[in-house]
Amino acid sequence: MEISIRKNSAVKVQTLVVFATKDANGKKPIAGDLPPDLKSLLEKASSDGIFSGDKKETALYRNHAVAGAENILFVGLGPANKVDAEQIRNAVCTALQGIKTSKATSAGLWLDSLTKVLKDPGLVTQAATESLLLSSYEFTEMKSAPKKDKSEPKDVTFFAKNPNAAMEKGLQKGKILAECQNFARRLGDLPGNFSTPTILANETLKAAKGTGLKVTIWEKDRIKKERMGGLLSVAAGSSEDPRFIIMEYKGAAGSKKPVCFVGKGLTFDTGGISIKPAAQMEEMKYDMCGGAAVIATLLAIAKLKLKINAIGLVPSTENMPDGAALKPGDVYTARNGKTVEVFNTDAEGRLILSDALVYASEQKPAAIFDTATLTGAILVALGNTHSGVFTRDNKLMKKIQEAADTTGELVWQMPLTDFHVDDMKGTHADLCNISNGRNAGSSTAAAFLEQFVEEGIPWAHFDIAGTAWNVNGRFPYHPKKGASGIIIRTFVELAQLV
Ligand code: BES
Ligand code: ZN
Ligand code: ZN
């Protein structure tokens, strides 16, 4: 889909979308200044009682030849005082569905009907672009005869009275962010046999070409030499070798501390010897979504040419049971010298992340953010709306909330205390990989990770096990089934706040 911005004096599209809010007394839809013929059509829609500007409401007029368009689609935004960037994403997604219904190959959005409500033309254009590109993501490459959705318009034009540089910038920013998010979704949707640690590393190398990112891949020997005992232990039962992916971006002076992102790149999680039940085990191909989010975050940061330094780290392996696999009770030594007894080989994410967190700490970063599909318990706590955030740093939490508010990705702070740390003490080793209590599994997992972050470095952990895939239609621009590509846009915002 090609997106561009043009003056609204020259509309020439098959379907033109006009957005309208619902006024305070709920009667008339409001869309700002419109050409007379468009204005009277909106008035007609209102007086006919078929459109009031309510959220999700639409009215399609075919073959009306109004304002340079064959079809006019009105889309409701709800009350004006509730319209934020996320509501624009939602409404633009509704608009795209309507455009598809109208079978238009060319379409336009009357941008002024959005910038009239949310008075930040850059943000409006960015959100609209994100929504169009995110909503049109499809994963069809595993089908023998992939069918692209033919009803999708090839061109979408944003029509504005006065197109300006802020809009153009918003379009470019939205395009980069959505394309990187779609890239991460694809990595998530790829099945385990098409997304091994080696493939993940190669896809990263390929995607980073020409972006200015430096990508280094550590293979098994190097991982051993670097004393990454957790990553090696989890990889022991797999015939696929592990990888450690390092992405470095320099957009600022060398003296500026980098922001470090760490993501769980578990390409398939069977549970290992503590094997998972068969039901829904196929979903464990998504266990690398944290890793994919970090890869996409670094790609976006580089493509946006942000004036920061950033590092992305992705420990990647499968978790499989075989004769060489890690056994319950086994003890290994992590990169920081701490010993860990593994009581449950299915709690493997924390093992591979912890070595990466030690490496991240060694880089003396301004902050470390890790993300992982870490615990089933976060699904119980937060469902598939919010990603769980664990940090003891209130200043950092404020920035995280600010970043998430900007991107519309929902986060919720979860407890992380010394109680949870106590629960992770080992019997015959320093630490145990599962809690000796039964509950608060997401907090105890976070407490385990904390043991590998150098004190004094601001750090937050994002558990995305509930939000990384199958968000079931809660967010219309995410696939109902499949990877969402969550947390990338929040991470990119956050990188600029620390
Ligand atoms: N990858 C899973 C977490 C997960 C489970 C994500 C279900 C999404 C849906 C993780 O490696 C895991 O298996 N965690 C265990 C930990 C437990 C053994 C302490 C879990 O959450 O059950
Ligand atoms: Zn597991
Ligand atoms: Zn896992």
Side-chain angles (χ1 to χ4, degrees), residues 192-193 195-201 217-246 262-276 281 283-292 294 313-360 370-376 424 426 429-434 441 444-446 448-449 451-452 461 463 465:
N193 58 334
S195 124
T196 61
T198 307
I199 295 173
L200 195 62
I217 309 291
W218 287 359
E219 301 192 354
K220 195 175 171 184
D221 287 346
R222 182 73 191 265
I223 293 168
K224 218 180 257 168
K225 223 183 259 166
E226 298 284 344
R227 306 176 322 282
M228 295 189 144
L231 180 53
L232 277 174
S233 298
V234 176
S238 170
S239 55
E240 290 289 339
D241 275 356
R243 292 285 184 272
F244 186 61
I245 304 170
I246 305 169
V262 179
K264 173 178 174 183
L266 212 298
T267 59
F268 195 84
D269 183 11
T270 65
I273 297 296
S274 316
I275 200 158
K276 286 181 181 295
M281 202 206 273
E283 289 190 8
M284 284 300 116
K285 70 171 185 176
Y286 292 112
D287 214 15
M288 35 54 68
C289 284
V294 165
L313 305 169
V314 180
S316 183
T317 176
E318 287 184 335
N319 186 20
M320 300 286 282
D322 89 344
L326 194 66
K327 303 175 292 299
D330 282 359
V331 174
Y332 75 89
T333 305
R335 183 172 167 87
N336 64 350
K338 291 194 182 175
T339 57
V340 179
E341 57 192 357
V342 179
F343 277 12
N344 189 319
T345 65
D346 195 13
E348 84 300 336
R350 60 198 76 183
L351 308 191
I352 72 169
L353 284 170
S354 51
D355 286 328
L357 288 169
V358 174
Y359 181 88
D370 79 69
T371 183
T373 49
L374 201 63
T375 63
M424 300 307 286
D430 301 340
L431 295 163
C432 182
N433 82 325
I434 56 168
T444 50
F448 180 90
L449 295 180
Q451 306 315 303
F452 300 88
H461 156 63
D463 195 335

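Looking at D355, L313, I217, I352 one by one, the single match for side-chain contact (heavy atoms from CB on, under 4.5 Å) with F244 turns out to be L313. The one candidate from T270, D287, V342 that meets the side-chain contact (heavy atoms from CB on, under 4.5 Å) condition with E348 is D287.
Remark: the backbone N or O of V358 is not paired with any side-chain donor or acceptor of N336 at under 3.5 angstrom. A side-chain donor-acceptor contact under 3.5 Å links D430 to the backbone of T339. Formation of a donor-acceptor pair under 3.5 Å by the K338 side chain with backbone atoms of Q451 is found in this model. Remark: side-chain polar atoms of S274 are paired, donor with acceptor, to backbone N or O of T345 under 3.5 angstrom. S354 contributes a side-chain N or O that, together with a main-chain N or O of L351, makes up a donor-acceptor pair within less than 3.5 Å.
Taking 4.5 Å as the limit, every side-chain heavy atom of E341 sits out of range of all side-chain heavy atoms of Y332. Put simply, the side chain of V262 does not reach to within 4.5 Å of the side chain of V294, judged on heavy atoms. Residues H461 and L374 are in side-chain contact: their nearest non-hydrogen atoms beyond the backbone lie under 4.5 Å apart.
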What do the steps show when you test I246 against Y359 for side-chain contact (heavy atoms from CB on, under 4.5 Å), and what is the final call?
-> CA-CA 10 Å; I246 305 169; Y359 181 88; 3.7 Å; yes
Just do the side-chain contact (heavy atoms from CB on, under 4.5 Å) check on T198 and E240 with the steps written out, would you?
-> CA-CA 8 Å; T198 307; E240 290 289 339; 4.2 Å; yes
From CA spacing to verdict: side-chain contact (heavy atoms from CB on, under 4.5 Å), F452, D370 | CA-CA 12 Å; F452 300 88; D370 79 69; over 6 Å; no
Go through the steps to decide whether T371 and K264 satisfy the test side-chain contact (heavy atoms from CB on, under 4.5 Å), and finish with yes or no.
-> CA-CA 7 Å; T371 183; K264 173 178 174 183; over 6 Å; no
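Taking each heavy atom of P315 and G263 in turn, the nearest pair found is CD-O, 3.2 Å. Taking every heavy atom of both residues into account, V314 and G265 meet most closely at CG1-CA, 3.9 Å. The two residues M281 and F268 come nearest to each other via the heavy atoms O-CZ, 3.3 Å. Heavy-atom minimum distance, T267 versus S195: CB-O, 2.9 Å. When all heavy atoms of E318 and S238 are compared, the closest pair comes out as OE1-OG, 2.7 Å.
The structure places CZ of F448 at 9.5 Å from CG of L353, a figure rounded to the nearest 0.5 Å. We find the CH2-CD1 distance between W218 and I223 to be 8.5 Å, quoted to the nearest 0.5 Å. Summarising the geometry, atom CE belonging to M320 is positioned 10.5 Å from atom CD1 belonging to I273; distances are rounded to the nearest 0.5 Å. To the nearest 0.5 angstrom, L266 atom CG is 11.0 Å from C289 atom SG. Interatomic distance, OG1 of T375 versus CZ of R350, reported as 7.5 Å (0.5 Å rounding). Note that CE of M284 is 8.0 Å distant from CG of D346, once rounded to the nearest 0.5 Å.
Counting non-hydrogen atoms of other residues, nucleotides and ligands closer than 6.0 Å to NZ of K276 gives a total above 12.
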